[in-house]
J.: 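I'd like to ask you about the structure that follows.
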Amino acid sequence: MLPRLAARAAPKRAIQTASKAASSAKAVLQSRTICASACRRSDALFVHRDTPYNNPKIPFIFTSENMKRAEEIIARYPPQYRKAAVIPLLDLGQRQNKGWTSISVMNYVARLLGMPPMRVYEVATFYTMFNREPIGANFVQVCTTTPCMLRGSTDILNTVCSELGTKPGGTTEDGKFTVVEVECQGACSNAPMMVVGDDFYEDLTPESTKRILAAFSKGEKPKPGPQSNRQTSENSAGLTALTSKPYGPGEFCTPEFQ
């Protein structure tokens, strides 16, 4: 009889033990303090919030000149694919809107192309070429990806921020400059470099960077391209290949083939 009673009591003791463990775990969970990470406005790049300077009530339409340009762009695509013109039209609107793409620009492009506004929002928030906030008169993009970093882009970025008195992502108080840190701009052989507006400034040093910024600050436009003595992307160390006269066709062939 005793073994049989013990067998019957074992499941009951197991249930009681499990119940106590669950109660203990629940107490621990209830007593745990709530922790939260610091608030980061990561949604600022994706979610629109109406502001006095950026809301759908602010009118926007293309100028007559830009409307003509827009019609030329749209005409490049078959009628059923006119929505493919969304990127060049957003770029055209951004240029007219002093360098940034407002919600009114997006809505206008959506109406012009017969697209749902959400489809235009998706494009504008995906591509970093579209600025979602107002920028300064001179938009300075300093490349800090690997090739530029190896050539001293950190010094260039620090020089830009020091000269303008702002940080990456900031705009100067006079509204002349906005500075951002970007990934590869495709001029790796001429690193380090930065883009101001649509122009590339390459082979930079802290000294040449200061000269460029000073010129823009005065309303001047310095010559873009390499700021060293080389032309385009030629080897900065000089010619290292094809240093002798190239031979002509058939020069090393046997006489019967010359």
Side-chain angles (χ1 to χ4, degrees), residues 40-143 160 164 166-183 185-186 194-200 213 216-217 219-221 224:
R40 302 296 184 197
R41 296 190 61 188
S42 59
D43 63 338
L45 294 175
F46 307 101
V47 180
H48 171 76
R49 296 286 184 265
D50 282 350
T51 62
Y53 61 86
N54 187 13
N55 63 77
K57 295 181 180 179
I58 299 176
F60 177 86
I61 59 172
F62 280 144
T63 63
S64 57
E65 181 180 353
N66 281 343
M67 189 64 205
K68 181 179 179 181
R69 175 65 176 155
E71 291 172 349
E72 293 174 353
I73 293 172
I74 295 173
R76 299 173 184 174
Y77 304 92
Q80 68 272 30
Y81 295 124
R82 60 188 285 128
K83 64 183 180 180
V86 62
I87 291 180
L89 290 193
L90 281 175
D91 179 68
L92 190 63
Q94 176 168 276
R95 292 174 184 275
Q96 180 178 317
N97 198 45
K98 298 182 179 179
W100 69 289
T101 302
S102 66
I103 191 70
S104 298
V105 171
M106 298 181 214
N107 291 338
Y108 178 73
V109 170
R111 291 193 300 271
L112 195 62
L113 296 177
M115 295 174 62
M118 179 53 68
R119 298 303 183 196
V120 181
Y121 303 160
E122 290 171 347
V123 173
T125 56
F126 180 81
Y127 292 100
T128 57
M129 64 182 283
F130 299 115
N131 303 309
R132 300 284 309 287
E133 292 290 328
I135 62 171
N138 300 293
F139 188 40
V140 182
Q141 304 176 70
V142 183
C143 179
V160 171
L164 300 180
T166 187
K167 296 180 180 179
T171 300
T172 57
E173 294 182 359
D174 58 9
K176 287 186 177 181
F177 296 91
T178 293
V179 181
V180 294
E181 184 179 358
V182 297
E183 291 299 318
Q185 296 278 15
M194 66 182 180
V195 179
V196 183
D198 291 325
D199 295 316
F200 281 31
L213 296 176
F216 276 109
S217 184
E220 303 171 356
K221 183 178 179 180

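Not measured: the values here are computed from a predicted model. In this chain, residues are counted from 1 in sequence order.
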J.: For V180 and Q141, what are the C-alpha separation, side-chain angles and deciding distance, and is it a side chain to side chain contact (heavy atoms under 4.5 Å, CB included)?
T.: CA-CA 5 Å; V180 294; Q141 304 176 70; 3.6 Å; yes
J.: Can you measure from CD1 (I135) to CG (N97) and round to the nearest 0.5 angstrom?
T.: 10.0 Å
J.: The criterion is side chain to side chain contact (heavy atoms under 4.5 Å, CB included); which residues satisfy it with S217, sequence neighbours excluded?
T.: K176, F177
J.: Do the side chains of P224 and V196 get nearer than 4.5 Å, heavy atoms only?
T.: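 Answer no - side chains too far apart.
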J.: How long is the straight-line distance from CZ of F126 back to CD1 of I87, given to the nearest 0.5 Å?
T.: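 Reported to 0.5 Å precision, the distance equals 9.0 Å.
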J.: With sequence neighbours excluded, what pairs up with D174 under the salt bridge (charged side-chain N to carboxylate O under 4.0 Å, His left out) test?
T.: none
J.: How far does CZ of R49 sit from CG of N54, to the nearest 0.5 angstrom?
T.: 12.5 Å
J.: Specify the closest pair of heavy atoms between I58 and P52, including all atoms of both residues, with the distance to one decimal.
T.: CD1-O, 3.6 Å
J.: Minimum heavy-atom separation for Y53 and P134, please, with both atom names.
T.: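 In terms of heavy atoms, the two residues are closest at CE1-CD, 3.6 Å.
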J.: State the CG-CZ distance between D198 and R95, to the nearest 0.5 angstrom.
T.: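 That separation rounds to 4.0 Å.
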J.: Counting C-beta onward and ignoring hydrogens, is there a side-chain heavy-atom pair between N138 and L213 closer than 4.5 Å?
T.: no
J.: Would you please test T178 and E133 for side chain to side chain contact (heavy atoms under 4.5 Å, CB included) and show each step?
T.: CA-CA 11 Å; T178 293; E133 292 290 328; over 6 Å; no
J.: With sequence neighbours excluded, tell me which residues meet side chain to side chain contact (heavy atoms under 4.5 Å, CB included) with E65.
T.: T63
J.: Hey, what do you get for NZ (K98) to CD (Q96), rounding to the nearest 0.5 Å?
T.: 11.0 Å
J.: Can you list the steps and then say if R69 with E72 is a salt bridge (Lys or Arg N to Asp or Glu O under 4.0 Å)?
T.: CA-CA 5 Å; R69 175 65 176 155; E72 293 174 353; 3.8 Å; yes
J.: Working to the nearest 0.5 Å, report the span between CH2 of W100 and CZ of R132.
T.: 9.5 Å
J.: Test your reading of the model: is there a side-chain donor-acceptor pair from T172 to the backbone of L164, 3.5 Å cut-off?
T.: no
J.: Donor-acceptor pairs under 3.5 Å, side chain of residues 107-122 to any protein atom, not counting sequence neighbours: which ones?
T.:
residue: N107; atom: OD1; partner: Y121; partner atom: OH; Å: 2.6
residue: N107; atom: ND2; partner: I103; partner atom: O; Å: 3.3
residue: Y108; atom: OH; partner: F62; partner atom: N; Å: 3.4
residue: R119; atom: NH1; partner: E122; partner atom: OE1; Å: 3.2
residue: R119; atom: NH1; partner: E122; partner atom: OE2; Å: 3.4

J.: Quick one: which residue pairs count as a side-chain hydrogen bond (donor to acceptor under 3.5 Å, both in side chains) with a foot in residues 77-88, not counting sequence neighbours?
T.: none
J.: With sequence neighbours excluded, what pairs up with Q94 under the side chain to side chain contact (heavy atoms under 4.5 Å, CB included) test?
T.: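 In terms of side chain to side chain contact (heavy atoms under 4.5 Å, CB included), with neighbours along the sequence ignored, Q94 is linked to T101, F130, N131.
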